[in-house]
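Data block below; observations after.
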There are 2 protein chains.
Amino acid sequence: MDKVLKQRAKATECAPPRDAGPSPVDYGPLKQRLGYVLRRAQVAVFQDFFEAFSEHDLRPAQYSVLTLIEHNPGLPQGRVAEALGIQKTNFVAMIGALKDRDLVRREPSKQDRRIHGLFLTRKGETLMVKLHKSAQDHEMRILKRIGESAYHELFSPLELVAFGKDPG
Amino acid sequence: MDKVLKQRAKATECAPPRDAGPSPVDYGPLKQRLGYVLRRAQVAVFQDFFEAFSEHDLRPAQYSVLTLIEHNPGLPQGRVAEALGIQKTNFVAMIGALKDRDLVRREPSKQDRRIHGLFLTRKGETLMVKLHKSAQDHEMRILKRIGESAYHELFSPLELVAFGKDPG
DNA sequence: TATTGTTATACTCTATAACTATA
DNA sequence: TATAGTTATAGAGTATAACAATA
């Protein structure tokens, strides 16, 4: 970090030779690959999210699970997993962890005892208020970082890529 | 899959009750979370990429490594890793795999024998032609899926998110 | 026989600490 | 002492097969 500053200073001293620092890397066609730029962008956003949510000891996927249950109380476990693109087999441990923390409750259906509906506990509902606040703060940081117009331009085409349809 | 078609047919039969299939899931604020939509979009794009590159037995990250080496022959291992956002410690095995397949060559610098420059082998260079073609076909599939305008709208704001600066 | 949820398992990705060889 | 690269390891994330309980 300090090294960059030193190099800048040096370049200012010996003005003419525009050789400031190591030669930049040529990304070739990489930045024309949607998958690559998408991946790097996702990692950058998750990094901020992750730091913001470390105080709650929650990962992005856990926030998405809790949010879906909050808005669809009683939805069968399998349908929650499916809606989030998580395989049911990997979803078992996720729900287990949230249940162990007393954030989520599982209730077997009386009509079909194979089905286990998911609900937030009181503690879970209370926590969601804080989580949504943290999430909104996080969104605003990203917005400030890239500018309002860039931020708002992203959602519509991204949903098209992700879900194959417009925002709806 | 067939189930959806059956439900559609049934809904068409008993026209009035607009109850076609299970009630849709409410995503709540999730689709207003840039990280969530970004993640789902990235997964969707990688899925197509992954299928397209399975014929070459290459993963997305490996394609990015080969492309960077192709455009920066001799670049030290650590700088390749850094440019791609990969930790040097995890990069060792990646390069090892590509070297074992005779796609990449490592050449110790004569000025500083700690540094190992990376180069494509002949075989690697030959392969890149096919890889770039597969990658371009993949891009065109995504473009067709979401439309030209949505596709082109994405790059500039995504680069801002990912790298903190405009396309440049 | 099909569906919901489960266990076991394996492979990839990512992160940290400690090491080597060079400088 | 600092840097480039390495090893070992542990934790997530993701994928498949096989199973129990229920319908």
Side-chain angles (χ1 to χ4, degrees), chain A residues 1-3 6 22 35-36 39-40 42-44 46-47 49-51 53-54 57-65 74-100 104-118, chain B residues 1-3 6 22 35-36 39-40 42-44 46-47 49-51 53-54 57-65 74-100 104-118:
Chain A
M1 302 280 163
D2 286 15
K3 190 172 291 178
K6 276 185 209 159
Y36 182 73
R39 172 66 177 163
R40 297 295 301 260
Q42 182 252 298
V43 168
F46 267 42
Q47 193 159 326
F49 187 100
F50 198 86
E51 285 161 20
F53 272 64
S54 69
D57 191 27
L58 269 194
R59 309 183 148 281
Q62 293 178 307
Y63 171 70
S64 71
V65 170
L75 199 65
Q77 187 169 319
R79 292 203 56 210
V80 175
E82 186 193 15
L84 294 171
I86 303 170
Q87 295 199 59
K88 64 174 184 175
T89 168
N90 296 322
F91 198 59
V92 176
M94 288 192 67
I95 289 299
L98 296 173
K99 212 182 57 153
D100 289 349
V104 163
R105 176 168 53 85
R106 294 176 12 143
E107 197 167 293
S109 158
K110 281 165 188 167
Q111 286 109 31
D112 183 341
R113 283 157 55 221
R114 290 173 302 183
I115 289 176
H116 295 71
L118 298 181
Chain B
M1 302 281 164
D2 286 14
K3 191 174 288 175
K6 275 186 209 158
Y36 183 73
R39 172 66 178 162
R40 296 296 301 258
Q42 181 253 298
V43 168
F46 266 41
Q47 192 159 329
F49 187 100
F50 197 87
E51 286 162 19
F53 273 64
S54 69
D57 192 26
L58 270 195
R59 309 183 149 282
Q62 293 178 307
Y63 171 69
S64 72
V65 170
L75 198 65
Q77 185 169 321
R79 292 203 55 210
V80 175
E82 186 192 16
L84 294 171
I86 302 171
Q87 295 199 58
K88 63 175 185 174
T89 168
N90 296 323
F91 198 59
V92 176
M94 287 193 69
I95 289 298
L98 296 174
K99 213 181 57 149
D100 289 348
V104 164
R105 178 168 52 87
R106 292 174 15 141
E107 197 167 292
S109 159
K110 281 164 189 168
Q111 286 109 34
D112 184 340
R113 281 157 55 223
R114 290 173 301 180
I115 290 176
H116 295 71
L118 298 181

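Naming: A, B, ... by sequence-line order, numbering from 1 per chain. Note that this is a predicted model, so its numbers are computed, not measured.
- At the heavy-atom level, R79(A) lies nowhere under 4.0 Å from the strands shown.
- The base of dT3(C) lies close enough to the side chain of R114(A) for a donor and an acceptor atom to sit less than 3.5 Å apart.
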Next on the checklist: If you apply the rule side chain to side chain contact (heavy atoms under 4.5 Å, CB included), what do you find for K99(B) with R106(B), and how did you get there?
Outcome noted: CA-CA 8 Å; K99(B) 213 181 57 149; R106(B) 292 174 15 141; 4.0 Å; yes
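- Atoms NE2 (H116(A)) and P (dT22(D)) sit 9 Å apart, rounded to a whole Å.
- Comparing M94(A) and D112(A) along DNA chain D, the residue whose closest nucleotide (by nearest heavy atom) sits nearer the 5' end is M94(A).
- Distance, F91(B) CZ to dT6(D) P: 10 Å, rounded to whole Å.
- Comparing R59(B) and G117(A), the nucleotide of DNA chain C nearest to each residue sits closer to the 5' end for G117(A).
- For S109(B) against dA4(D), no side-chain N or O and base N or O form a donor-acceptor pair under 3.5 Å.
- Among the atoms of the strands shown, only primed sugar atoms or phosphate atoms (P, OP1, OP2) are found under 4.0 Å from some heavy atom of Q111(A).
- Following rounding to the nearest Å, Q77(B) (CD) and dA21(C) (P) show an atom-to-atom distance of 16 Å.
- Separating the CZ atom of F46(B) from the C1' atom of dT12(C) is a distance of 13 Å, rounded to the nearest angstrom.
- Pairing each heavy atom of A83(A) with each of Y36(B), the nearest pair is O-OH, 3.9 Å.
- Rounded to whole angstrom, the span from the NZ atom of K88(B) across to the P atom of dC13(C) amounts to 21 Å.
- Side-chain nitrogen and oxygen atoms of R106(B) include at least one within less than 4.0 Å of the OP1 or OP2 phosphate oxygen of dT6(D).
- No hydrogens or angles were tested; on distance alone, a donor-acceptor pair under 3.5 Å links the side chain of N90(B) to the base of dA15(C).
- Protein atom CG of D57(A) is 9 Å distant from nucleotide atom P of dA12(D), rounded to whole Å.
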Item to check | Intermediate values then yes/no, side chain to side chain contact (heavy atoms under 4.5 Å, CB included), V92(A) and Q77(A) | outcome: CA-CA 9 Å; V92(A) 176; Q77(A) 187 169 319; 4.1 Å; yes
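- Atom CD1 in I115(B) sits roughly 13 Å away from atom P in dT22(C) (whole-Å rounding).
- Taking the six-membered ring wherever Trp is involved, the centroid distance between the rings of Y63(A) and F49(A) falls below 6.0 Å.
- Using a 4.0 Å heavy-atom distance criterion, Q87(A) is classed as a base contact.
- Evaluated for a side chain to side chain contact (heavy atoms under 4.5 Å, CB included) with L118(A), the options V65(A), I95(A), L75(A), L98(A) yield exactly one hit, I95(A).
- Distance CZ (F53(B)) to P (dT12(C)): 18 Å, rounded to an integer number of Å.
- With hydrogens and angles ignored, no donor-acceptor pair under 3.5 angstrom links the side chain of T89(A) to the base of dA18(D).
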